[in-house]
Amino acid sequence: MHSDLGPATSADQAVEQLYAEHWAALVRLGTLLLRDQRAAEDVAQDAFVALHGRWGRLREPASAVAYLRRSVVNGCRSAQRRAVVADRHQSEHRGNTASAEASVLAGERRAEVLAALARIPRRQREVLVLRHWLDLSEADIAAVLRISRGSVKTHSSRGLAALRLRLEPDA
Amino acid sequence: MNRELDNELRTILRSHAESVQPTDHLGAIRARTQNGPAMQWWRRPLVLAGGAALVAASVVVGAVLLADPDPADPDPPMASSATREVTVFELGEVGARVWLYPVRFTTTRTDDEAVDAVRALTEHEPTGDRFSLWHDMCAPGADVRAVQIAGGVVTIDFATFAGETCNVEPQTSMATRQQLALTLLPATGKLLPVQLTVDGSPDGRPVSADPGALSPVVIDSPDNGTLVSSPVRVTGTSDTFEANVQWQVLRDGEVVDEGFTSSGTMGERGPFQFTVDLPPGTYTARAYATSAEDGRLVAEDTKTFTVR
């Protein structure tokens with residue numbers, strides 16, 4: 001469907017089309033990073049608005065999806081920073097709710113893994129989510145996060161190691 | 001072991017992601033992207049005054065920034081080897097125009113003056129109606145690593161930079177570069193085009209600095225929040241029509257004194273000053289300029305201080 005997005009496509013059309021194809025995935029990406037669907041929807045909405053403003057200057061319309069993903073990852077980062085102070089005293093409560101919900105849905109292990117994922121360093125979490133959920137290649141992850149492919153490898157293996165350490169502290 | 005965790009993570013993330021049911025925001029996105037009356041401030045044109053006297057203006061901008069603190073200032077800030085005072089530039093809106101204003105900000109000192117200046121810009125949080133694109137949109141994640149001058153361009157390298165959101169509009173990205181160029185002036189010695197890089201890769205093209213983006217009226221002293229003695233001497237620089245500057249001193253919003261002064265030379269930026277006798281209390285000095293055609297406000301600056 002990307003092939004429809006040519007240089008002649010207007011910003012409005014591009015946004016409509018990309019929204020139809022990628023809105024759900026971008027909200028899910030944001031939710032995996034932020035653990036808060038409403039905040040993720042706000043971030044994804046900002047990403048589309050930003051894309052609209054930049055459309056005329058995107059050299060390759062095909063890079064629009066990478067641009068949207070990058071905006072969502074960056075937006076989640078900013079949202080997290082803004083939320084850190086406000087959240088500190090609520091996090092315990094929220095954590096309990098999330099894990100209770102998750103264990104009803106799919107058992108304790110899933111809740112454990114998601115909780116561990118939320119506590120590893122941000123960059124490692126971003127790489128793991130992009131790789132394991134979106135199935136992006138190292139090159140695509142590097143483009144989204146604007147880091148080198150070598151860094152993608154490093155963050156990925158460190159992220160998995162950090163995750164394992166939290167899940168199996170005795171292993 | 002890694003392979004197992006790999007697969008497990010994949011399964012868990014998928015099922016978790018699929019449990020998320022996004023709600024529809026297309027209407028909201030349309031409303032924000034189609035030109036409506038609710039224009040956001042960063043879409044408004046950042047004024048870039050005509051190219052008159054560019055060189056002269058930049059010399060005076062430099063003089064404004066590099067000027068020694070007023071020797072009459074009874075409370076000069078204590079110099080400290082652990083901190084560095086940087087003149088950073090924030091933005092203020094007058095009418096539909098956005099101007100740059102200098103503000104003094106103290107940051108930690110390293111041996112790299114230019115890096116300190118950029119860090120100060122990202123740390124500074126304006127108050128009142130003033131704003132900074134570096135604080136509001138770009139600074140989260142703007143981790144400055146190096147500043148280099150080469151080939152007549154100053155290159156600022158960030159380790160990470162949430163720059164996508166602040167490069168949305170040409171005016172926005174222009175304003176962020178102007179803030180940088182002027183903030184870096186004492187370190188670079190002259191206004192240079194600004195190039196950002198993120199982890200070494202260029203982010204956009206070099207943007208030329210324009211001294212015309214500086215507010216036509218700037219009050220230098222007394223600074224916000226300072227304690228001064230009466231009579232109070234208010235000084236600043238201006239570049240206004242026929243060099244006229246109007247001023248007021250307000251207490252609790254009421255004008256207690258007002259007058260006219262002039263920055264001397266027409267067509268270029270020059271210093272102005274006025275002196276007022278004030279009983280103890282907190283006051284706001286306002287210097288401004290109005291349009292000769294229709295009397296509307298075209299430039300202003302305010303500073304709030306306390307008379308002991």
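The shown structure was predicted, so the numbers you read here are calculated from the model rather than taken from an experiment.
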Point to revise | Part of A:Arg131 within contact of chain B (heavy atom distance under 4.5 Å) | key: both
Practice item. Check each atom of A:Gln37 against the heavy atoms of chain B and say whether the ones under 4.5 Å are side chain, backbone, both or neither. Key: side chain
Review point. CZ of B:Arg14: more than 12 outside heavy atoms within 6.0 angstrom?
Key: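 Yes, because the 6.0 Å sphere around CZ of B:Arg14 holds more than 12 heavy atoms from other groups.
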Check your understanding: Under 6.0 Å from the CZ atom of A:Arg158, do we count more than 12 heavy atoms belonging to anything else shown?
Key -> no
Do [X] and [Y] touch side chain to side chain, with heavy atoms closer than 4.5 Å?
X	Y	value
A:Arg28	B:Gln21	yes
B:Asp24	A:Tyr19	yes
B:Leu13	A:Leu117	yes
B:Arg30	A:Val49	no
A:Trp23	B:Ile29	yes
A:Asp42	B:His25	yes
B:Glu8	A:Arg109	yes

Review point. In Å, rounded to the nearest 0.5 Å, how long is the span from CD1 of B:Ile12 to CD of A:Glu112?
Key: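 It is 9.0 Å, given to the nearest 0.5 Å.
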Point to revise | Criterion side-chain contact (heavy atoms from CB on, under 4.5 Å) on B:Leu5 and A:Leu167, from CA distance to verdict | key: CA-CA 10 Å; B:Leu5 188 56; A:Leu167 290 168; 3.9 Å; yes
Check your understanding: For chain B, which of A:Leu145, A:Thr31, A:Leu32 has the most heavy-atom pairs under 4.5 Å?
Key -> A:Leu32
Review point. Is any side-chain N of the basic residue among B:Arg10 and A:Asp135 closer than 4.0 Å to the acidic one's carboxylate O?
Key: yes
Check your understanding: What part of B:Thr11 lies closer than 4.5 angstrom to a heavy atom of chain A: side chain, backbone, both or neither?
Key -> neither
Check your understanding: With respect to chain A, which residue among B:Leu26, B:Asn7, B:Asp199 yields the maximal number of heavy-atom pairs within a distance under 4.5 Å?
Key -> B:Leu26
**Study point:** Closest-packed option against chain A by number of heavy-atom pairs under 4.5 Å, given B:Gly200, B:Ser201, B:Pro22
**Key:** B:Pro22
